[in-house]
Amino acid sequence: MKKLTLFLLITLVAVVSFTSCLEGDNTSTTYSVGVLDYSRNYTTPVMKTLSGDFYGPELNALITSGNMEVGECWYFQITYNSDLPENSPEMVEINGYYTVSIYPIAKADKYYAAPYLTDTSEVMTNELPVSEILYNNALVGYAEGYLFITHVVNHEADLRLDWNISYDSDDMITEENGVRNYNLFIRAVKSTTGDDGKSGTNQSHFNAYQLKDFLDKAARNERDEAGINATITIKFNYVSEIKESEIIWKSTTAGVPAALFVSD
């Protein structure tokens with residue numbers, strides 16, 4: 001469970017492109033999402049993002065202290081200075097990364113999408129309804145095959161949730177009003193009990209879903225239909241209510257550029 005403020009208002013397009021606010025002296029600050037890994041020389045820790053790899057000296061200390069681990073998905077702030085010798089085009093080409101200051105904000109819980117549907121007619125064991133599947137109707141970002149999303153669920157404090165995300169790889173598309181929607185089904189189940197002495201409140205959950213296969217397939221389909229400027233419309237289906245063991249499904253959509261996901 002994550003209580004977050006700053007990242008919730010940032011849309012997909014804003015965070016996946018390396019755009020920023022200039023602060024003078026050729027220094028700028030932006031926010032992004034990425035996966036912690038090593039650079040191509042396998043010695044330098046970097047955040048891998050849609051806009052490239054970013055190294056910050058802070059990463060060494062955070063890994064050494066155990067506060068970050070390779071493979072984790074993060075939302076973070078970057079401060080970039082184009083005047084640094086390390087950020088000259090020649091050095092970036094040699095190193096394979098930009099040198100920046102990195103300030104971690106929130107770690108996402110990681111999940112993998114199943115290419116087959118769960119039973120959408122049955123309540124899962126310990127399932128909870130979801131209040132909002134996209135907080136403020138915004139995706140957070142995309143990096144290394146992971147789609148970053150924030151959900152809101154009403155539950156008691158200290159409750160741990162697991163998330164189930166699935167789709168039918170043979171029947172992904174439904175068409176509504178001339179729009180081709182690519183359907184994902186996201187569900188929440190309790191994996192631990194919370195503080196039963198407290199009433200439920202809205203809790204934010206920051207997740208990163210490995211959706212590379214789903215997104216690549218959808219992007220290729222739309223590119224073939226509409227060309228390079230195609231948009232994927234993702235339809236997020238979720239359980240909004242559970243009444244007497246009956247599921248009430250709700251959905252919302254988000255359109256994203258297909259060019260972000262096509263890998264070939």
Query raised in the report: Under the side chain to side chain contact (heavy atoms under 4.5 Å, CB included) criterion, do Asp162 and Ser191 qualify, and how do the steps go?
Result: CA-CA 6 Å; Asp162 280 333; Ser191 62; 3.3 Å; yes

Query - Worked check of side chain to side chain contact (heavy atoms under 4.5 Å, CB included) between Thr150 and Leu134 - result: CA-CA 6 Å; Thr150 298; Leu134 297 179; over 6 Å; no

Report task. Would you check, one step at a time, whether the test side chain to side chain contact (heavy atoms under 4.5 Å, CB included) holds for Ile149 with Val140? Result -> CA-CA 5 Å; Ile149 308 174; Val140 181; 5.7 Å; no

Query raised in the report: Hey, mind stepping through His151 and Glu132 against side chain to side chain contact (heavy atoms under 4.5 Å, CB included) and telling me if it holds?
Result: CA-CA 6 Å; His151 314 306; Glu132 293 181 70; over 6 Å; no

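When only modelled atom types and interatomic distance are considered, Tyr38 and Tyr55 share no side-chain donor-acceptor pair under 3.5 Å. Side-chain N/O atoms of Asn95 and Ser39 include no donor and acceptor closer than 3.5 Å. Side-chain contact check for Asn26 and Asn81: no donor-acceptor pair (N or O, by modelled atom type) lies under 3.5 Å. A donor-acceptor pair shorter than 3.5 Å can be found between the side chains of Gln77 and Tyr31. A side-chain donor-acceptor contact under 3.5 Å links Gln203 and Thr201.
Thr233 meets the side-chain hydrogen bond (donor to acceptor under 3.5 Å, both in side chains) test with no other residue; sequence neighbours excluded. Take Phe214 and apply the ring-ring contact (aromatic ring centres under 6.0 Å, His included) test, not counting sequence neighbours, and it matches Tyr167. Asn177 meets the side-chain hydrogen bond (donor to acceptor under 3.5 Å, both in side chains) test with no other residue; sequence neighbours excluded. Looking at residues two or more places apart in sequence or on another chain, you find no ring-ring contact (aromatic ring centres under 6.0 Å, His included) involving Tyr238. Residues passing the side-chain hydrogen bond (donor to acceptor under 3.5 Å, both in side chains) test with Asn221, sequence neighbours excluded: none. Looking at residues two or more places apart in sequence or on another chain, you find no side-chain hydrogen bond (donor to acceptor under 3.5 Å, both in side chains) involving Ser251. Residues forming a ring-ring contact (aromatic ring centres under 6.0 Å, His included) with Tyr182 (at least two apart in sequence, or on another chain): none.
In terms of heavy atoms, Leu211 sits closest to Ala113 at CD2-CB, 3.3 Å. The two residues Val35 and Cys73 have their closest heavy-atom pair at CG2-SG, 3.9 Å. Of all the heavy atoms in Leu84 and Thr99, the pair that sits closest is CD1-O, 4.0 Å. Nearest heavy-atom pair, Thr44 versus Asn41, reported as atom, atom and distance to 0.1 Å: N-OD1, 3.4 Å. Nearest heavy atoms, Leu215 versus Ile232: O-CD1, 4.0 Å. Contact record, Thr118 with Asn164: CG2-OD1, 3.2 Å, taken as the closest heavy-atom pair.
Among Asn126, Asn207, Leu128, Val130, the single residue meeting the side chain to side chain contact (heavy atoms under 4.5 Å, CB included) criterion with Leu161 is Leu128.
One hydrophobic cluster holds both Trp74 and Ile63 under the rule that ILVMFWY side chains link at heavy-atom gaps under 4.5 Å. Linking Ile, Leu, Val, Met, Phe, Trp and Tyr residues whenever their side-chain heavy atoms come within less than 4.5 Å leaves Tyr97 and Val100 in two separate clusters. A continuous path of Ile, Leu, Val, Met, Phe, Trp and Tyr side chains, each step under 4.5 Å between heavy atoms, connects Phe261 with Tyr111, placing both in one hydrophobic cluster. Follow the hydrophobic side-chain contacts under 4.5 Å out from Ile78 and you never reach Met91; the two are in separate clusters. The hydrophobic cluster containing Val33 also contains Tyr112, counting ILVMFWY residues as joined when their side-chain heavy atoms lie under 4.5 angstrom apart, directly or transitively.
Within the 4.5 Å cutoff, no side-chain heavy atoms of Asn237 are placed close to those of Ile186. The closest side-chain heavy-atom distance from Glu225 to Arg180 is below 4.5 Å. Counting only heavy atoms from C-beta outward, the side chains of Met172 and Lys217 approach each other to under 4.5 Å. Side-chain contact between Met47 and Ile102 is present, with heavy atoms from C-beta onward closer than 4.5 Å. Between Glu222 and Thr231 the shortest side-chain heavy-atom distance does not fall below 4.5 Å. Side-chain contact between Leu59 and Leu36 is present, with at least one heavy-atom pair separated by less than 4.5 Å. Looking at Thr125 and Val189, their side chains never come closer than 4.5 Å, going by heavy atoms from C-beta outward.
Pairs of residues two or more places apart, or lying in two chains, that qualify as salt bridge (charged side-chain N to carboxylate O under 4.0 Å, His left out) and include a residue from residues 226-238 are Glu176-Lys235. A salt bridge (charged side-chain N to carboxylate O under 4.0 Å, His left out) check over residues 56-73, counting only residues at least two apart or in different chains, returns the pairs Glu72-Lys107. Note on residues 29-51: pairs passing salt bridge (charged side-chain N to carboxylate O under 4.0 Å, His left out), not counting sequence neighbours, are Lys48-Asp53. Residue pairs meeting the salt bridge (charged side-chain N to carboxylate O under 4.0 Å, His left out) criterion with at least one member in residues 237-256, sequence neighbours excluded: Glu241-Lys243.
Using a 30° and 60° split on the angle between ring planes, Tyr75 and Phe206 fall in the perpendicular class, above 60°. Ring geometry for Tyr80 against Tyr98 counts as perpendicular: the plane angle is over 60°, on a 0 to 90° scale with 30° as the lower cut.
To the nearest 0.5 Å, the span separating CG on Leu147 from NZ on Lys212 amounts to 13.0 Å.
Formation of a donor-acceptor pair under 3.5 Å by the Asp119 side chain with backbone atoms of Ser121 is found in this model. Remark: the backbone N or O of Asn183 is not paired with any side-chain donor or acceptor of Asn181 at under 3.5 angstrom.
Using a 4.0 Å cut-off between charged nitrogen and carboxylate oxygen, Asp109 and Arg160 count as a salt-bridge pair.
At most 12 non-hydrogen atoms from other residues, nucleotides or ligands lie less than 6.0 angstrom from CD1 of Ile228.
Membership of the apolar cluster around Val239 extends to Leu117, Val123, Phe185, Ile242, Ile247, Trp249, as traced through chained side-chain contacts below 4.5 Å between ILVMFWY residues.
If you look at Phe148 and Tyr142, their ring centroids are not closer than 6.0 Å.
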